[in-house]
Structure formats: C-alpha cells, structure tokens
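Here's the structure, in structure tokens; my notes come after.
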Number of protein chains: 2
Amino acid sequence: MEAAVDAFADKGYHATSTRDIAARANMSPAGVYVHFASKQDLLFQLCQRGHVLALEVVATARESADTPRAQLVAIVSAFARWHARQFSTARIVQYEFSHLTPEHRTEVLALRKQIDAVVSDVLHAGVASGDFDVPDVAVTTLALQSLTIDVARWYDPTIRRTPEAIGAAYGDLALRLVRA
Amino acid sequence: MEAAVDAFADKGYHATSTRDIAARANMSPAGVYVHFASKQDLLFQLCQRGHVLALEVVATARESADTPRAQLVAIVSAFARWHARQFSTARIVQYEFSHLTPEHRTEVLALRKQIDAVVSDVLHAGVASGDFDVPDVAVTTLALQSLTIDVARWYDPTIRRTPEAIGAAYGDLALRLVRA
DNA sequence: ATCGAAACTAAGCAAGCGCTTAGCACCGGA
DNA sequence: TCCGGTGCTAAGCGCTTGCTTAGTTTCGAT
C-alpha cells in the first residue's frame, strides 16, 4: 500500500503501472494480486483510508477547541499541516479521487461530505454568535477547503517552509477570510 | 486541439488515448499526426497556449485599475472567472502541467512565474502604500492563487453559480485576505 | 486539364498494459 | 513427519497503446 501511495501520488493513477507498484514494493507483478483484487481496488482502498484519516484530522481539531474562532483556526491549521505532511496520501484523496469507478466514488463521497459539514458547521456557529462576518457560508466553506487542499498540489518536502509553519500561516488566513 | 482539450480535461492526459482524441475530432487516429508530432507535443502546445491566455487575463486585469486595492480585486475576480468559464483549459494548465516532459515543463514554468509575479507585485505595492496588511507576501500570493486555481478542480458547468458570480465573490475574499 | 502539396484513412507493428495460471517455498499446527 | 494454507515468482495471454506506413482523396494554382 505504501508503494502504491508513493507511485500514484508521484505519477498519477493511469501513469502508474502495476509493475511500477510491484517494483517499489520489491515484489513480482503477480505478488500484488495476492493482496488486492485489481489496480482499481488498490486505489479505492487507499482513497477510502485517506478520506477516513482526513475526516479524523478535521473532527479531532474541532473537538480540541470551544469557540468558533478557536475551532476554525484549529481545523484549518491542522488540515493544512496534514496536506503538507501527508502530501502523498492527500494527493490521492484530492486528485486521484476522480479516477475511482462511479460506485467507489459514490461511497467515498459520503466521507467528503462529512468533512465539508464540519467546516460548514463551524462557520454557521461563528456567524450565529456574531464572531464571524461571512456573507455566503457555502462560498467561504469552499474557499477554506481550496486553500488547504491546494497545499497538496504545491507542497514539496524539499522546500524550506515546514508543515507546521504552513499550518500556522493558514490558520491566520482563515481568520481573515471570516473577518474575525 | 479542441478535442484534445476536452479529452485531457475530462479524463486526464494518461487516461486519454490518441484514438479518443481522434474520435472526438471525427478523424482517424493517423489524421492527428498530420498536425502534431506526438501526444506529448499536443499536450505541450495546449499547455503553452493555456498559460499564455492565463497570463493575458491577469496582466489585462491589472492594467484595468490604478490602486493596488482595485488591481487586486480585478486580478482575482478575472482569474477566478477565467478558471470557471474556461475550466477545461484551466485544468490542463493546472493539473496536466505535471505530465509534461522536463524540457517542456521548464519552458512553461517561465510563464507561470510571470503570472506569479503580477500577483506578488500588486501585494508588495499594496503593503508599501499601507492599503494592505500582509505579514508574508509569499504565503498570501500562494493563497490567492490556490483559491482561484482550485476553481478549475470543482467547477462544473451544470451548477447554478455563474462564473461571474464566482469572480465577484472571490474578489471580496481577496480583499479579506489582505485586510483591505 | 494537369499537377503537386496538403489532409486524410486503412491497416498494422512493436511495446506495454492489467491480470492469470501453474508451480514452488515456507511455516505453524496436528 | 506430514499437511494445508499463505505468499510468492516465472511465464505468458489477450488486449490496448502510441505511432508509422502506404496509399487515397481533395483542391487551389497554373
């Protein structure tokens, strides 16, 4: 699974051959099929696991704080940090997701909606309490996720900025977006 | 070229076969090779053209306004609008870019840096004039681009929100990010 | 009417693809 | 000591891939 994560994140699902994956895992091509039914099955399992992890990160971050303001900072900085630290997994979650078969995609979509709901809920709470000034919660939810998701696209472990610094900076950007 | 744009944006570079492209253009597979040396050459030409267009959009938007504040709104809303309206081209620019060969990538990278510089320049001007409150121009440049780039990932022409509405909303979000 | 270039197709080649089959090595439990 | 299940490999099957070749059609210029 680690070999497949690296390969898919590096080259993309369709550009990765089953022989690539097997070679990275020091196996023969046939050895992979002892553990996974197909290349698509492998993507599905990785994608599902990745989404579960992402949901955990977001949910745990919200529970770590009380006020909408603190919750927003916790969620955005933790999610941005995760997209940097685990950028290979995150790339599969965000960009290889579209190569799942329709049935698999529907299944994983339920997890995506849960992640979305966590962010959206905190925004609504902040607007209700008067802490946030947000004209359109849906747009701002999308914008906050765009910020963090895009980290997986540009992050590269060789850059000087650490995942922690990215998380901190993005927490501040989130507060600006809601004028808190 | 239109057939290839649609195919690449829809399924991704590696998942698209030359037969797919030919079929969309109502041609035989061999007919494509009268106009393009290879599938990679086709991607390169599309990617290059797309980047030139993107740079034009950003540069024209800046020239349409005088103050850093107005320039920032013009740039971000025009760029977001473009990523929605031309989402097929934008997907190639942002997501299929990585499948260029190293030499082609280096060439297109120069255009990307120019786009980056336009945004960065406006931020610096705004900070210097006191209109913007931005602790880290590099991070904010990245964040502004993440916002607009990600539009190409989630935009779908069947949704109710129009490219114009998205542009307007994102112009406002940009002002929030710089506390203007 | 004739020519040459440009645009196209039918057919197919070599290589790589996802995946299967047949068989071997290993190992904990009876 | 033997067994059955598990994890693996070597070999290869059928198919698709990017691209080429040889030949045909189209058409503006002369």
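Convention: sequence-line order gives letters A, B, ...; per-chain numbering from 1.
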Could you pull out all residues at least two apart from B/Phe132 that satisfy ring-ring contact (aromatic ring centres under 6.0 Å, His included)? none
Sequence-distant partners of B/Gln145, side chain to side chain donor-acceptor pair (under 3.5 Å), two or more places apart: none
By a strict heavy-atom criterion of less than 4.0 Å, which residues belonging to residues 95-108 of chain A are in contact with DNA chain C? none
Which atom pairs, one a donor and one an acceptor, fall under 3.5 Å between side chains of residues 7-16 of chain A and the rest of the protein, sequence neighbours left out?
unit_1  : atom_1 : unit_2  : atom_2 : d
A/Asp10 : OD2    : A/Arg24 : NH2    : 3.4
A/Lys11 : NZ     : A/Asp20 : OD2    : 2.8
A/Tyr13 : OH     : A/Gln40 : N      : 3.2
A/Tyr13 : OH     : A/Gln40 : NE2    : 3.3
A/Thr16 : OG1    : A/Ala7  : O      : 3.3
A/Thr16 : OG1    : A/Gly12 : O      : 2.7

Output the rest of the hydrophobic cluster of A/Ile149: all Ile, Leu, Val, Met, Phe, Trp and Tyr residues reachable through side-chain heavy-atom contacts under 4.5 Å, sorted by chain and number. A/Tyr95, B/Tyr95, B/Ile149
Which atom pairs, one a donor and one an acceptor, fall under 3.5 Å between side chains of residues 108-122 of chain B and the rest of the protein, sequence neighbours left out?
unit_1   : atom_1 : unit_2  : atom_2 : d
B/Arg112 : NH1    : B/His51 : NE2    : 3.0
B/Arg112 : NH1    : B/Val93 : O      : 3.1
B/Arg112 : NH2    : B/Gln94 : OE1    : 3.2

Who pairs with A/Phe44 by ring-ring contact (aromatic ring centres under 6.0 Å, His included), at least two apart in sequence or on another chain? A/His104
Per-nucleotide protein contact along nucleotides 8-21 of chain D, 5' to 3', at a 4.0 Å heavy-atom cut-off (B base, S sugar-phosphate only, - neither), is BBB-B----BBBBB
Less than 3.5 Å apart, which donor and acceptor atoms pair up between the side chains of residues 158-168 of chain B and the rest of the protein, not counting sequence neighbours?
unit_1   : atom_1 : unit_2   : atom_2 : d
B/Thr158 : OG1    : B/Asp156 : OD1    : 2.9
B/Thr158 : OG1    : B/Asp156 : OD2    : 3.2
B/Arg161 : NH1    : A/Asp136 : OD2    : 3.2
B/Thr162 : OG1    : B/Ala165 : N      : 3.1
B/Glu164 : OE2    : B/Arg85  : NE     : 3.4
B/Glu164 : OE2    : B/Arg85  : NH2    : 2.6

